[in-house]
Amino acid sequence: MRRLALALAAGGVRAASPVTALAATPPLTGSFAFEDRFTVQPGDPASCSFPVAFDLQVHGRFQLFLDAQGQSARLLLHEHWTGTGTANGKYVIEHAAQNNKVDLSSGASATAGQIHDQVPFGGVVIHDSGLLRFDGNGNLTFEAGPHQGFDGDPTAIQEFCAALS
């Protein structure tokens with residue numbers, strides 16, 4: 001959801017009023033690309049006992065649907081990213097592909113896709129795959145599939161951190 005928030009902020013997308021009915025107007029469409037750099041600190045969900053710096057290249061496409069009054073009603077976002085997570089002179093490779101759907105009047109959202117981190121020339125150390133749904137307050141309402149990072153799976157987190165130790 002962090003990347004979704006960045007993409008929404010970059011595009012200036014905001015909810016304006018409650019949705020009454022989707023108009024027959026074609027959606028506004030476009031694409032985006034940006035570099036996302038951030039550090040996961042110890043104590044954050046799915047973190048190691050040391051900071052892990054991520055450098056990701058993100059790109060995707062969006063469709064913004066308008067209601068009958070021309071106000072933003074729903075956003076569909078398809079994004080891919082790839083990059084690295086580094087710490088202690090070592091790195092993992094992160095790949096992801098996700099589809100996000102956001103109801104801009106209620107704030108409810110759903111994310112379907114996968115994210116995985118793997119050791120160079122090795123196996124996957126952490127994997128999130130499937131569907132997550134959230135209410136307008138960001139509370140998880142439904143989960144399908146394994147989400148080792150999102151759920152903070154201790155064994156997967158331990159393997160991830162060991163790869164960077």
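Applying the disulfide bond (SG atoms under 2.5 Å apart) definition to pairs two or more places apart or across chains, none involves residues 75-135. Screening residues 148-165 for side-chain hydrogen bond (donor to acceptor under 3.5 Å, both in side chains) gives no qualifying pairs among residues at least two apart or on separate chains.
Put simply, Ile115 and Val40 are part of the same group of oily side chains (I, L, V, M, F, W, Y) that touch within less than 4.5 Å, one to the next. Cluster membership for Val124 and Val92, using ILVMFWY side-chain heavy atoms within less than 4.5 angstrom, is not shared. Hydrophobic cluster membership differs between Ile93 and Phe54, with clusters built from Ile, Leu, Val, Met, Phe, Trp and Tyr side chains linked at under 4.5 angstrom. Note on Val125 and Leu56: same hydrophobic cluster, where clusters join Ile, Leu, Val, Met, Phe, Trp and Tyr whose side-chain heavy atoms are under 4.5 Å apart, directly or indirectly. In the hydrophobic cluster analysis, where Ile, Leu, Val, Met, Phe, Trp and Tyr join through side-chain heavy atoms closer than 4.5 angstrom, Leu131 is grouped apart from Phe150.
Between Glu35 and Val58 there is no side-chain heavy-atom pair separated by less than 4.5 Å. In this structure, Ile157 and Ile126 have side chains that are in contact, with non-hydrogen atoms separated by less than 4.5 Å. Counting heavy atoms from C-beta on, the side chains of His116 and Asp128 never come closer than 4.5 Å.
Taken to the nearest 0.5 Å, the CZ atom of Phe160 stands 7.5 Å off from the CD atom of Glu94. Remark: Ser72 OG to Leu66 CG distance equals 6.0 Å, nearest 0.5 Å.
Through direct or relayed side-chain contacts under 4.5 Å between Ile, Leu, Val, Met, Phe, Trp and Tyr, Phe121 connects to no other residue.
In this model, no donor atom of one side chain and acceptor atom of the other lie less than 3.5 Å apart for Asp55 and Thr84. With no hydrogens or angles considered, no side-chain donor-acceptor pair links Trp81 and Gln57 at under 3.5 Å.
The ring-ring contact (aromatic ring centres under 6.0 Å, His included) search around His59 returns His80, not counting sequence neighbours. Residues that satisfy the side chain to side chain contact (heavy atoms under 4.5 Å, CB included) test with Thr141, not counting sequence neighbours, are Arg133, Asp135. Judged as a salt bridge (charged side-chain N to carboxylate O under 4.0 Å, His left out), and not counting sequence neighbours, Asp44 has no contacts.
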Test side-chain contact (heavy atoms from CB on, under 4.5 Å) on Leu164 and Phe50; report intermediate values, then the result.
CA-CA 9 Å; Leu164 295 171; Phe50 47 85; 3.9 Å; yes
